[in-house]
There are 4 protein chains.
Amino acid sequence: MKYIDLNSDVGEGFGRYKSFEDERLYEIITSANIACGYHAGDPMIMEDTVNLCSKNKVEMGAHPGFPDLLGFGRRKMEVTKEEAAIYSLYQLGALHGIAKVMGKEIQHFKLHGAFYNMVMSDYEISKHIVQKVKAFQSNLVFLGLANSAFIEACKSEGVKYASEVFADRAYDRNGQLVSRKLQGAIIKDKGKAIEQVKRIVLYGEVKTIDETIIKLDADSICIHGDNEEALCFADNVRSSLENEGVKFQPLRYFK
Amino acid sequence: MKYIDLNSDVGEGFGRYKSFEDERLYEIITSANIACGYHAGDPMIMEDTVNLCSKNKVEMGAHPGFPDLLGFGRRKMEVTKEEAAIYSLYQLGALHGIAKVMGKEIQHFKLHGAFYNMVMSDYEISKHIVQKVKAFQSNLVFLGLANSAFIEACKSEGVKYASEVFADRAYDRNGQLVSRKLQGAIIKDKGKAIEQVKRIVLYGEVKTIDETIIKLDADSICIHGDNEEALCFADNVRSSLENEGVKFQPLRYFK
Amino acid sequence: MKYIDLNSDVGEGFGRYKSFEDERLYEIITSANIACGYHAGDPMIMEDTVNLCSKNKVEMGAHPGFPDLLGFGRRKMEVTKEEAAIYSLYQLGALHGIAKVMGKEIQHFKLHGAFYNMVMSDYEISKHIVQKVKAFQSNLVFLGLANSAFIEACKSEGVKYASEVFADRAYDRNGQLVSRKLQGAIIKDKGKAIEQVKRIVLYGEVKTIDETIIKLDADSICIHGDNEEALCFADNVRSSLENEGVKFQPLRYFK
Amino acid sequence: MKYIDLNSDVGEGFGRYKSFEDERLYEIITSANIACGYHAGDPMIMEDTVNLCSKNKVEMGAHPGFPDLLGFGRRKMEVTKEEAAIYSLYQLGALHGIAKVMGKEIQHFKLHGAFYNMVMSDYEISKHIVQKVKAFQSNLVFLGLANSAFIEACKSEGVKYASEVFADRAYDRNGQLVSRKLQGAIIKDKGKAIEQVKRIVLYGEVKTIDETIIKLDADSICIHGDNEEALCFADNVRSSLENEGVKFQPLRYFK
């Protein structure tokens with residue numbers, strides 16, 4: 001039996017600005033990455049989002065971002081490894097506080113946007129973050145890009161980790177994502193994207209942008225839910241995989 | 001034997017802006033109120049401050065403020081009781097995260113500036129905050145103004161609390177602080193201020209602004225350390241009380 | 001011939017968060033209050049909004065708010081009169097810069113949310129703001145609540161001002177808005193609201209909450225455009241008045 | 001007769017945090033770069049700083065930074081050229097507003113920290129910024145690093161510009177600053193630093209890190225004033241040059 005997790009970013013509103021996800025998203029995903037106030041999210045919204053997860057039996061993850069509300073955490077920022085680690089811990093601690101009061105435990109940790117991209121290829125910073133974060137909660141699952149420096153750091157630190165894949169992003173021969181700046185990086189044909197994700201989940205392999213077949217581990221699929229089309233695609237991914245007998249379950253229950 | 005705690009605000013820098021306290025302050029106080037990022041403080045500074053407390057064997061408290069960095073949390077802001085509670089929890093959770101990684105537990109909880117003033121007289125908001133915060137950490141000591149609505153809420157919620165007094169503020173017959181807007185509210189004569197604090201600590205009473213003697217409970221004295229003069233006064237308060245045989249110990253060990 | 005201005009708040013997005021108004025709103029209103037970055041709005045959005053105004057021949061106003069992005073400028077904040085004045089000037093200057101580069105001049109000045117409410121009844125602060133702002137741009141129209149302390153300050157400072165009225169808010173005998181906390185403060189019946197606004201514009205009078213008829217000056221009607229229903233109501237207000245022969249023109253052309 | 005300008009960053013406090021410069025700095029410099037609220041500075045401080053400049057007959061410059069208060073604008077941030085331009089304009093407009101009310105005109109424009117570093121080598125972004133800013137105030141002097149992409153953009157846009165040099169930074173054969181990461185980048189010997197600045201100002205040449213003599217234009221020397229030592233060095237630079245007959249005057253009067 002094949003198992004997979006489906007994760008999505010949630011709770012990314014701020015003050016009067018609503019979060020982007022439709023509530024139906026919570027019926028599709030198994031793990032939710034909750035914004036913690038730096039790139040989006042505020043305490044009131046975090047509380048509401050924890051509630052939504054709880055109501056829908058979706059597992060919760062801390063989703064720390066860069067301190068750049070104006071840029072939604074999507075802009076590269078040159079933070080030091082010390083800053084990277086303590087910004088992660090601050091945001092995780094804040095979410096932990098809110099979740100604990102509601103009787104919930106945080107399942108996983110996934111960085112956001114440009115912070116996520118930074119650790120993809122920076123082993124040193126990844127290590128600093130993982131060390132700091134595991135010292136806070138040792139049973140957390142660290143969710144990162146498959147084959148990334150972040151996953152390497154997780155392995156070397158001996159923490160639980162999960163490899164994330166994308167349905168609609170092309171891979172190269174090294175199992176890395178093709179840069180968005182290159183042609184063909186985004187798989188626009190929804191059918192092809194679903195074929196890709198099926199192949200990854202069922203056979204542990206992917207056809208790269210240059211048509212080679214390589215191995216690719218996948219514990220979780222990253223999905224968006226911030227518009228009708230994304231929601232519909234997420235639903236298709238899930239039902240297509242369910243048709244193949246794949247079971248969806250949160251990262252907590254892996255391994 | 002008389003025991004008393006001495007508390008002060010610390011870690012109130014931000015980014016490149018240094019915190020105001022001199023490191024010598026940590027040798028005088030027994031409990032430190034650590035800024036948590038809303039009115040001042042940032043994750044790097046919070047970590048340094050936890051370190052300083054740890055090194056100096058000073059107990060740590062979360063010191064949540066209003067989300068008003070520009071106004072240093074000193075401006076009245078009309079937040080709802082739900083916002084007040086969850087802002088408190090967010091900041092407490094963040095500090096808890098940083099402290100836990102360093103092997104430390106937070107001892108107490110004290111609100112900052114205009115947030116502190118708000119709960120002085122607002123029982124409803126106080127109750128909401130105390131309920132939320134105790135659900136996170138039940139052994140916290142809630143530090144608030146003696147005879148305030150906040151202390152009432154602590155009593156009714158059955159949490160550990162500590163009554164705070166001021167050496168240099170005049171009291172009225174009801175045991176309330178005389179408003180700073182009124183003449184005589186601030187006791188400028190340092191000698192008189194030390195006399196007042198001695199009387200409070202040794203005999204549990206204070207001479208009010210209209211020369212009446214009333215009872216006044218005191219578990220902790222609030223002291224400032226953001227300039228040379230304040231530091232010197234803090235030192236005098238401590239040594240004057242020690243001369244009378246008073247012992248200084250953190251709130252954690254009370255009752 | 002009767003003339004009236006129709007104003008609405010616009011450009012209240014932030015970063016990735018879109019502004020609330022529908023673009024059709026710009027076809028209904030004659031003056032737009034543009035958020036300037038403190039309670040909402042950012043430089044990119046301000047530029048887009050100036051563009052939208054320009055394209056739709058809508059006059060622009062600076063719409064300064066309190067520095068409270070989290071509270072959308074709707075929470076009372078105790079700022080000093082000096083802060084109130086210089087916060088206004090900072091935001092106005094920023095918008096002026098953006099508008100000037102696009103060949104546009106700001107027509108009016110209207111405070112936002114809790115800042116607007118503060119000056120309704122505070123003559124001292126109003127005076128400070130008006131003095132500072134008129135020293136920057138002497139031909140600005142100051143838009144404020146009819147019969148408010150702000151309008152009084154405008155008169156005493158000798159600036160151009162415009163009195164704003166609401167279709168759907170009840171008035172008391174003194175020409176003041178009935179507090180939202182009281183029953184009947186909001187006129188929910190759209191037909192009644194349109195009757196009220198017609199009476200104000202055509203006859204310069206309003207029936208108060210206790211059924212008295214009083215005089216009420218109106219230069220501009222405040223309208224919302226942040227949802228379909230509001231947009232529809234705004235459209236109804238405009239067409240109902242046009243049916244009565246009222247002409248819509250921006251404040252700039254008054255008097 | 002040789003003329004030179006001496007510029008320094010000022011007004012870099014925030015809220016309760018004081019600006020770093022000593023007031024004596026204003027007696028040494030001829031041009032001041034005023035923080036505009038993004039990396040530091042707030043409206044109240046900007047007003048005070050404009051006052052200080054005015055009182056000391058120091059010319060004022062807008063000193064826009066990245067929107068990163070926590071990082072003091074010193075962290076690289078990947079902003080687009082459109083963002084770079086409009087962030088500059090927003091901050092310039094805000095300072096213009098405050099200065100105008102006090103009867104002052106802004107003399108120059110200089111970017112801060114990581115923003116300054118970004119335009120050093122990015123011609124495209126430089127051009128976007130210069131175009132936007134000159135459209136606001138055509139008589140501004142654009143102050144940038146000698147031989148940088150920013151100065152190239154200024155030339156091509158036909159604006160007044162000024163080349164800035166450093167007393168204590170080593171130069172390479174291309175007239176570029178040696179990266180701080182390399183040894184010898186900072187000239188720690190104060191005497192040598194003063195020799196360098198004299199040679200630049202008097203003879204228009206500099207001895208590079210590899211002991212070659214190259215031409216180097218200088219309109220302004222960048223000086224710090226955020227501690228006693230920096231202040232003393234600034235004073236030495238000025239008096240050493242005055243001893244050589246060099247006259248100090250603000251950029252406004254050049255050419």
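Source: prediction; values computed, not measured.
Using the six-membered ring where Trp is involved, A:His96 and B:His96 have ring planes that are parallel, under 30° apart on the 30 and 60° scheme.
Heavy-atom pairs under 4.5 Å with chain B peak, among A:Pro67, A:Ala85, A:Gly97, at A:Gly97. Counting heavy-atom pairs under 4.5 Å between each of B:Lys100, B:Lys134, B:Gln137 and chain A puts B:Lys100 at the top. Interface remark: of the candidates B:Gly93, B:Pro43, B:Gly37, B:Pro43 forms the most heavy-atom pairs closer than 4.5 Å to chain A. Considering only heavy-atom pairs separated by less than 4.5 Å from chain A, the leading option among B:Glu47, B:Gln91, B:Glu82 is B:Glu47.
The two residues A:Val101 and B:Lys132 make their nearest non-hydrogen contact at CG2-O, 3.5 Å.
A distance of 9.0 Å separates CE of A:Met46 from CG of B:Leu89, quoted to the nearest 0.5 Å.
Residue A:Asp226 places its CG atom among more than 12 non-hydrogen atoms of other residues, nucleotides or ligands, all under 6.0 Å distant. By the neighbour-count criterion of 12 heavy atoms within 6.0 Å, atom CG of B:Asp217 is sparsely surrounded, having that number or fewer from other residues, nucleotides or ligands.
Of the possible donor and acceptor atoms, none in the side chain of A:Tyr90 sits under 3.5 Å from a partner among the backbone N and O of B:Asp42.
The parts of B:Ile98 that come within reach of chain A are both its backbone and its side chain, each placing non-hydrogen atoms under 4.5 angstrom from that chain.
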